[in-house]
Amino acid sequence: MWNKPFEKLRSRMTCLYAAIFGILILAIVAAAYTFIWWEILAHEKENLVAQIYHEGEEWVESAEPPCSEAAIRSGKMLAYFVNPDGTRVILNQLGKGEAGQELLQHQHDWPKELNSSRLLRMHGVNGERYRYLAAVAPVIDGDKQLGRLYMFKNMEFYYQAAYKTLFLLLCMALVLYFAACYFGYWLAGRNIRPLSNMYARQQQFTADASHEMRTPLAVMKLAVQGLQEDEDSRLSDFAKESIKMLAGESDRLSRLTENLMTLARSDEDNLPAYTAQVDMTALCQKVAAQMTLLAAEKKLQLKQEIQENLLLQGDEMALSRLLIILLDNAMKYSPQQTTITLRAAKVKTHLVLEVRDEGCGISDEDKQKIFDRFFRVDKARSRSQGGLGLGLSLALAIVRQHGGSIKVFDNMPQGTVMYVKLPLEAK
Ligand code: ADP
């Protein structure tokens with residue numbers, strides 16, 4: 001089983017391959033069809049002009065009319081013979097059938113230059129289609145031109161054959177397309193597998209390393225705490241200051257390992273199936289109450305706009321962490337005497353959580369990056385505020401685990417809006 005991002009990448013690559021294969025196959029079919037049809041038409045045009053010369057010779061020799069009775073009756077081949085300037089009709093084989101009548105009505109479309117040909121497409125009164133190849137050539141007796149002989153060849157048979165060929169080509173293309181899609185899926189898998197394995201190993205390493213660091217860190221924290229609480233010790237001011245710093249840094253390190261471990265686990269597999277129902281109204285109120293004290297310390301006001309009866313299927317601990325991350329960020333990056341608003345509301349089938357602040361805001365360029373691990377817009381500022389650059393990555397992981405989405409917008413006139421959308425029913 002692969003990591004989810006790689007499954008998605010594989011599907012995306014397969015779609016891309018499928019689209020490229022599809023376009024290529026269609027282009028090949030179109031080119032093949034056009035080429036075959038072009039060749040047939042060129043060959044038939046040449047043949048028809050040659051046939052006019054042949055029929056003209058027979059007319060001169062024996063006054064034998066060009067087309068057989070059967071060909072005229074079925075409309076397969078028709079002829080029309082006029083004197084050189086076209087003012088007098090010498091022979092007309094078009095008068096008998098409906099196709100002939102149509103041809104006569106389209107006389108203005110006939111080829112005008114001698115030894116030329118043209119494809120005529122016509123519609124009968126009852127909607128029938130007629131497709132004739134028309135050609136004209138002179139009938140010569142010695143040095144004298146007797147007239148112009150037009151011949152019309154019914155191309156219906158060729159059209160039907162071309163349609164059948166096209167249908168066959170498309171069927172073959174469809175089979176080829178599915179085979180190519182399967183091949184694309186296999187190829188994408190083959191290309192991605194080494195990456196996915198490497199990624200999984202790296203995730204495993206991060207999770208294991210964070211896990212292994214927990215115990216020594218806990219021991220260190222306890223030792224530092226012991227030193228701080230030891231009233232009998234006669235430590236210098238410098239040593240006391242160093243121990244205080246050690247306490248702060250070990251605290252930071254243990255938060256970092258906890259976060260890394262959570263993130264590494266969140267990458268591992270599919271969405272967990274949540275069955276527990278979380279009272280989001282109560283949870284938002286509880287977290288907001290906890291954060292109100294911190295906000296007051298920083299001279300910030302925390303406003304609540306929380307709807308009643310908001311129920312969601314999910315992980316209460318994780319959702320509480322999500323709220324803390326967003327509110328904590330809003331407080332970290334807001335100046336004193338400003339307001340932070342936590343809004344929670346039901347919108348159709350989703351729960352919307354919104355944390356709005358009037359702080360420094362985030363540039364459009366940084367909006368794309370803030371969910372990346374260890375990304376901080378202002379490293380010094382974030383660090384001084386106790387930031388690790390992992391808060392929003394964790395928030396994103398929690399939101400994704402719940403099948404939702406998180407977006408960041410500008411607050412007007414100033415500040416940031418973190419907008420989370422979670423489906424009320426777990427998928
Ligand atoms: P950190 O622990 O540094 O806050 P986060 O992942 O939570 O890490 O946030 C990443 C960066 O996004 C922060 O360093 C900060 O620059 C920016 N950021 C997050 N939330 C806000 C906010 N509400 N207002 C302004 N900048 C923010």
Side-chain angles (χ1 to χ4, degrees), residues 5 206 210 217 248-267 284 287-288 290-292 294-305 317-344 352-402 404-422:
T206 315
S210 322
L217 264 171
E249 288 303 307
S250 57
D251 206 37
R252 199 174 131 78
L253 203 57
S254 69
R255 270 191 298 131
L256 186 67
T257 47
E258 282 298 326
N259 286 352
L260 276 178
M261 211 164 73
T262 315
L263 276 174
R265 283 197 188 131
S266 75
D267 281 343
C284 287
V287 174
Q290 286 167 4
M291 302 300 274
T292 303
L294 279 175
E297 247 175 53
K298 296 191 172 186
K299 299 198 173 49
L300 293 163
Q301 197 200 343
L302 182 57
K303 230 168 90 181
Q304 300 180 34
E305 291 175 10
M317 282 265 284
L319 290 167
S320 148
R321 204 161 181 192
L322 169 70
L323 287 167
I324 292 172
I325 291 170
L326 299 183
L327 286 170
D328 184 49
N329 271 353
M331 289 190 334
K332 275 195 299 200
Y333 303 105
S334 292
Q336 293 183 352
Q337 314 298 348
T338 53
T339 305
I340 294 163
T341 312
L342 168 64
R343 189 171 84 90
V352 166
L353 294 172
E354 211 179 86
V355 176
R356 195 176 278 270
D357 66 52
E358 298 164 1
C360 57
I362 303 170
S363 70
D364 285 345
E365 194 194 330
D366 290 333
K367 279 191 190 96
Q368 324 281 328
K369 303 179 193 157
I370 52 170
F371 296 99
D372 294 349
R373 285 164 202 188
F374 295 109
F375 177 81
R376 286 168 289 180
V377 176
D378 179 347
K379 284 198 171 41
R381 180 169 182 189
S382 162
R383 204 183 151 86
S384 71
Q385 302 271 16
L388 301 165
L390 286 178
L392 288 181
S393 330
L394 262 177
L396 178 68
I398 295 169
V399 168
R400 282 201 179 144
Q401 273 170 3
H402 286 79
S405 63
I406 179 165
K407 287 186 181 137
V408 52
F409 301 110
D410 289 329
N411 190 16
M412 290 299 156
Q414 169 130 21
T416 306
V417 182
M418 288 290 173
Y419 184 90
V420 175
K421 226 172 132 185
L422 301 169

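Just follow the structure's listing: the first ligand is 1, and inside any ligand the first atom is 1.
- Neither the backbone nor the side chain of Asp366 comes within 4.0 Å of ligand 1, counting heavy atoms alone.
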Worked check of side-chain contact (heavy atoms from CB on, under 4.5 Å) between Leu392 and Met418: CA-CA 10 Å; Leu392 288 181; Met418 288 290 173; 3.9 Å; yes
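- Here the shortest heavy-atom distance to atom 18 (N) of ligand 1, taken over Leu396, Asp372, Ile362, belongs to Ile362.
- Of the possible polar contacts, none joining the Ser334 side chain to the Met331 backbone as a donor-acceptor pair under 3.5 Å is found.
- The backbone N or O of Gly359 sits less than 3.5 Å from a side-chain atom of Gln414, completing a donor-acceptor pair.
- Heavy-atom contacts of Phe375 reach the following atoms of ligand 1: 10 (C), 11 (C) (cutoff under 4.0 Å).
- Between Leu392 and ligand 1, a contact under 3.5 Å exists for at least one N or O pair.
- Under the 4.5 Å side-chain criterion, counting only non-hydrogen atoms from C-beta, Leu353 is not in contact with Leu326.
- Heavy-atom contacts of Arg376 reach the following atoms of ligand 1: 3 (O), 14 (O) (cutoff under 4.0 Å).
- Residue Cys360 touches ligand 1 through its side chain alone, judged by heavy-atom distances below 4.0 Å.
- Here Asp410 pairs with Lys367 under the salt bridge (charged side-chain N to carboxylate O under 4.0 Å, His left out) rule; sequence neighbours left out.
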Would Leu322 and His402 count as a side-chain contact (heavy atoms from CB on, under 4.5 Å) if you check the C-alpha gap in whole Å, the side-chain angles of each, and the deciding distance to 0.1 Å? CA-CA 11 Å; Leu322 169 70; His402 286 79; over 6 Å; no
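- Proximity of Asn329 to Thr416: side-chain heavy atoms (C-beta onward) are nowhere separated by under 4.5 Å.
- Between Gly391 and ligand 1, a contact under 3.5 Å exists for at least one N or O pair.
- Inclusion of Gly389 in the set of residues having an N or O under 3.5 Å from an N or O of ligand 1 is warranted.
- Taking any N or O of Lys332, backbone or side chain, at least one lies under 3.5 Å from an N or O belonging to ligand 1.
- Residue nearest to atom 22 (C) of ligand 1, selected from Asp357, Val417, Val408, Asn411: Asp357 (by heavy-atom distance).
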